[in-house]
Participant: 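Attaching a single structure in structure tokens format; questions to follow.
For reference, positions follow the sequence shown, starting with 1. Side chains included, hydrogens not; waters and symmetry mates left out as well; all remaining heavy atoms used.
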Amino acid sequence: VHAAFADPEGDPIGDNHRKVQAYVQYSDGVDGYGHGTHVAGTILGDEPPYWTFNLRDGNAIGARIVVHDIGTGNGPGITPPAMTAAYQDAYDRGARVHTNSWGSGGNNCNNRCLDTDAFMRDNPEFLVLFSAGNAGPVGFTINREGNAKNIVTVGATGNGVLRDDMALGDNGVYFSSRGPAGDGRLKPTVVSPGQDIVSALAAGTTMADCQNVDTTHRRCDGNSMATP
């Protein structure tokens with residue numbers, strides 16, 4: 001277990017675990033690609049010394065996580081869940097923010113998009129975020145799930161001194177998907193740094209568009225990195 005999510009007292013996953021409230025397995029139960037570990041580290045990773053902000057910590061070091069594992073194998077493939085059931089599961093376990101660094105191309109609202117809007121309408125205290133996607137720089141390329149009207153759809157900018165520019169990949173392409181949504185609404189909702197993001201490395205994994213900076217951290221580009 002990465003130090004960002006470890007429990008030094010050895011408590012099992014659940015109410016008493018320092019970081020992980022639940023691990024819900026929708027696929028193979030292993031982060032064989034490292035994507036989920038990286039974005040989770042950005043959300044709420046907290047490395048020793050615990051409960052103090054350190055260079056490699058995430059945004060909300062005091063928060064805890066309900067993991068919905070949808071990754072499959074050693075690549076970027078996913079098994080999307082039934083959205084309403086997934087949101088209800090997270091809600092019932094205490095989550096009120098549900099961040100999603102995945103999506104499907106098409107720039108129109110699919111059933112997952114509609115289910116997300118309905119759940120947020122019925123549970124206004126529950127906030128859903130989705131990645132806009134990596135299909136830029138052309139317009140009308142927002143992921144289908146990111147077309148939902150009630151959510152926060154996140155695009156990617158550069159980092160540091162480049163924070164006012166769109167995120168630029170190693171291949172020289174401004175990769176962040178751009179709006180508008182398929183029906184003309186303004187999307188993405190916000191933009192956030194998605195270039196050169198350093199976060200937790202899942203041991204034994206290799207990710208595209210990433211470079212290891214040490215044995216426990218890697219630097220990545222992508223809209224996935226911007227979303228949390």
Side-chain angles (χ1 to χ4, degrees), residues 13-15 17 19-29 31 35-40 42-44 58-60 62-72 76-135 140-156 176-177 179-192 194 222-228:
I13 290 173
D15 291 344
H17 194 279
K19 296 302 287 183
V20 186
Q21 175 65 32
Y23 189 101
V24 183
Q25 181 177 330
Y26 287 101
S27 58
D28 55 15
D31 187 10
H35 183 274
T37 298
H38 194 275
V39 297
T42 302
I43 298 165
L44 47 65
N59 293 311
R64 300 170 71 242
I65 191 169
V66 175
V67 179
H68 283 172
D69 180 3
I70 65 172
T72 57
I78 60 171
T79 303
M83 301 310 299
T84 302
Y87 295 143
Q88 191 64 57
D89 176 81
Y91 187 99
D92 292 345
R93 297 178 191 271
R96 294 298 180 268
V97 177
H98 197 284
T99 181
N100 299 270
S101 289
W102 62 276
S104 54
N107 198 35
N108 54 63
C109 202
N110 59 9
N111 286 337
R112 290 191 287 270
C113 165
L114 296 173
D115 290 345
T116 299
D117 273 340
F119 193 88
M120 282 197 62
R121 178 199 64 209
D122 296 338
N123 300 275
E125 69 280 13
F126 189 82
L127 177 65
V128 177
L129 301 92
F130 261 98
S131 164
N134 296 316
F140 288 94
T141 52
I142 301 293
N143 280 339
R144 288 180 177 178
E145 293 78 8
N147 268 256
K149 63 184 178 65
N150 293 335
I151 69 168
V152 174
T153 306
V154 185
S176 184
S177 290
D183 62 2
R185 286 174 294 114
L186 293 178
K187 286 285 182 175
T189 315
V190 298
V191 291
S192 179
N223 235 302
S224 290
M225 287 69 236
T227 305

Participant: Could you tell me the separation between the CH2 atom of Trp102 and the CG atom of Asn143, rounded to the nearest 0.5 Å?
Facilitator: 9.0 Å
Participant: Write down the atom of Ser177, the atom of Ala135, and the distance for their closest heavy-atom approach.
Facilitator: OG-N, 2.9 Å
Participant: Look at the side chain of Arg185 and the backbone N and O of Asn147, then say whether any donor-acceptor pair between them is shorter than 3.5 Å.
Facilitator: yes
Participant: Say whether, by atom type as modelled, one donor and one acceptor occur between the side chain of Asn100 and the main chain of Val128 under 3.5 angstrom.
Facilitator: no
Participant: A side-chain contact here means heavy atoms from C-beta on lying under 4.5 Å apart; do Ile142 and Pro188 qualify?
Facilitator: yes
Participant: Working to the nearest 0.5 angstrom, can you tell me the gap between His68 NE2 and Asp89 CG?
Facilitator: 4.0 Å
Participant: Can you give me the closest heavy-atom contact between Asn110 and Ser104, atom names plus distance?
Facilitator: ND2-OG, 3.7 Å
Participant: In Å, rounded to the nearest 0.5 Å, how long is the span from CG of Leu129 to NE2 of His98?
Facilitator: 10.5 Å
Participant: Counting distance only, does the side-chain N/O of Ser131 pair as donor-acceptor with the main-chain N or O of Ser101 below 3.5 Å?
Facilitator: no
Participant: Quick one: are Val24 and Arg93 in side-chain contact, heavy atoms under 4.5 Å?
Facilitator: yes
Participant: Under a 3.5 Å distance rule, please check whether Lys187 uses its side chain to pair with a backbone N or O of Gly182 as donor and acceptor.
Facilitator: no
Participant: Where the side chain of Asn223 meets the backbone of Ser176, is there a donor-acceptor pair that is under 3.5 Å apart?
Facilitator: no
Participant: Under the side chain to side chain contact (heavy atoms under 4.5 Å, CB included) rule, what do Ile13 and Gln21 come out as? Steps first, then yes or no, please.
Facilitator: CA-CA 6 Å; Ile13 290 173; Gln21 175 65 32; over 6 Å; no
Participant: Ignoring hydrogens, what is the shortest heavy-atom contact between Met83 and Asp115? Give both atom names and the distance.
Facilitator: CB-CB, 4.1 Å
Participant: Is it the case that the side chain of Thr153 and the backbone of Ala132 share a donor-acceptor pair, with hydrogens and angles ignored and the cut-off at 3.5 Å?
Facilitator: no
Participant: Do Asp117 and Arg121 meet the salt-bridge criterion of a basic N to acidic O distance under 4.0 Å?
Facilitator: no
Participant: In the structure I gave you, are the side-chain heavy atoms of Pro80 and Ile70 within less than 4.5 Å of one another anywhere?
Facilitator: no
Participant: Show the nearest heavy-atom pair for residues Ala226 and Ser192, with the distance to one decimal.
Facilitator: CB-O, 3.3 Å
Participant: With the side chain counted from C-beta on, respond yes when Met225 and Thr42 share a heavy-atom pair under 4.5 Å apart, and no when they do not.
Facilitator: no
Participant: Taking all non-hydrogen atoms of both residues, which atom of Arg144 and which atom of Cys113 are closest, and how far apart?
Facilitator: O-CB, 3.7 Å
Participant: Is any side-chain heavy atom of Glu145 less than 4.5 Å from a side-chain heavy atom of Thr116?
Facilitator: no
Participant: Under 3.5 Å, is there a donor-acceptor pair between the side chain of Arg112 and the main chain of Pro81?
Facilitator: no
Participant: Counting distance only, does the side-chain N/O of Asp69 pair as donor-acceptor with the main-chain N or O of Val67 below 3.5 Å?
Facilitator: no
Participant: Hey, does Val39 have a side-chain heavy atom less than 4.5 Å from the side chain of Thr227?
Facilitator: no
Participant: Side-chain contact, heavy-atom cut-off 4.5 Å: Glu125 with Asn123?
Facilitator: yes
Participant: Looking only at heavy atoms, what is the nearest atom pair of Tyr91 and Arg96, with distance?
Facilitator: O-NH1, 3.0 Å
Participant: Let me confirm one number: the CD-OG1 distance from Gln25 to Thr79, rounded to the nearest 0.5 Å.
Facilitator: 10.5 Å
Participant: Using only atom types and a distance under 3.5 Å, with no angle test, would you say the side chain of Thr72 pairs donor to acceptor with the backbone of Gly77?
Facilitator: yes
Participant: Which distance, rounded to the nearest 0.5 Å, do you find between the CG of Leu114 and the SG of Cys109?
Facilitator: 4.0 Å
